[in-house]
Amino acid sequence: MAEYTPEERAEILARVEQRAEAYNYEFAGCGQMVLLALQQEFKLQNGMPAMKAITYSGKATSGLGGVCGALVGAVAAIGLAAGRDKFEDPIWPSDEVKKMVKGFYQRFEEELGSFKCGEILEKAVGEHIDPTTPEGSSKYDELGGRESCSKVCGVAARVAAETIMEIPRR
């Protein structure tokens, strides 16, 4: 666990949030873009295998009522930062780590209101849409879905970065 000054923390959080927003707006793929922003900031193991593994964690889940892709990318980054390297290692090396990860989930839900993509998107754009259908995709664009989802990516990356800065690395 590195020590950060309040100024360094603020800079890191702002940078991660901005990167995740910008990457998602440009390339789409909320889970991938959150993971990428966090990998770059914290020099986490990176490469296309990790990106490819979470390809379908994006807006495709909203029509199914599934988990937010930005949450998936954030959890993947926390795992890269502090997860176990061998199956023989405990998943939870301490109660402190368990509490930190649980705190991440609680902050995510507090800030975005849900873990579900469709619910977060509905709150952001004002109505339920399924962006995986042709009609829903048009509505997604019309209601500013890309901008809204990019903001969600920024929030997810920032909340994950807060956890990564506190959690002991393995």
Mark yes or no: R146 above the aromatic ring of Y25, with NZ or CZ under 6.0 Å from the six-membered ring centre and no more than 45 degrees from the axis.
yes
Taking CD in Q45 as the centre, count heavy atoms belonging to other residues, nucleotides or ligands within less than 6.0 Å. Is the count above 12?
no
Whether the E110 and Y105 side chains hold a donor-acceptor pair (N or O, under 3.5 Å, no angle test) is what I'd like checked.
no
Starting from the C-alpha separation in whole Å, work towards a yes-or-no answer on side-chain contact (heavy atoms from CB on, under 4.5 Å) for C30 and C153.
CA-CA 6 Å; C30 49; C153 288; 3.2 Å; yes
Calculate, to the nearest 0.5 Å, the distance between atoms [atom1] and [atom2] belonging to [X] and [Y] respectively.
X: M100; Y: D95; atom1: CE; atom2: CG; result: 11.5 Å
X: K139; Y: S137; atom1: NZ; atom2: OG; result: 12.5 Å
X: E41; Y: M165; atom1: CD; atom2: CE; result: 8.0 Å
X: E142; Y: E135; atom1: CD; atom2: CD; result: 12.5 Å
X: E122; Y: I129; atom1: CD; atom2: CD1; result: 9.5 Å
X: R15; Y: E8; atom1: CZ; atom2: CD; result: 9.5 Å

Which atom pair, heavy atoms only, marks the closest approach of [X] to [Y]?
X: I120; Y: S114; answer: CD1-O, 3.3 Å
X: L38; Y: A77; answer: CD1-CB, 3.5 Å
X: A20; Y: A37; answer: N-CB, 3.8 Å
X: V16; Y: R158; answer: CG1-N, 4.1 Å
X: G73; Y: I54; answer: CA-CD1, 4.0 Å
X: G136; Y: T133; answer: N-OG1, 2.9 Å

When you compare the side chain of [Y] with that of [X], does any pair of heavy atoms fall below 4.5 Å?
X: I12; Y: F42; answer: yes
X: K116; Y: V67; answer: no
X: L13; Y: Y4; answer: no
X: K123; Y: L112; answer: no
X: W92; Y: V101; answer: yes
X: V125; Y: Y140; answer: no
X: C68; Y: F108; answer: yes
X: H128; Y: E119; answer: no

Starting from the C-alpha separation in whole Å, work towards a yes-or-no answer on side-chain contact (heavy atoms from CB on, under 4.5 Å) for R107 and T163.
CA-CA 10 Å; R107 287 191 310 276; T163 302; 2.7 Å; yes
Considering only NZ, NE, NH1 and NH2 on the basic side and carboxylate oxygens on the acidic side, decide whether E162 and R9 come within less than 4.0 Å.
no
Looking at residues at least two apart in the chain, or sitting in another chain, which of them share a salt bridge (charged side-chain N to carboxylate O under 4.0 Å, His left out) with K86?
D89
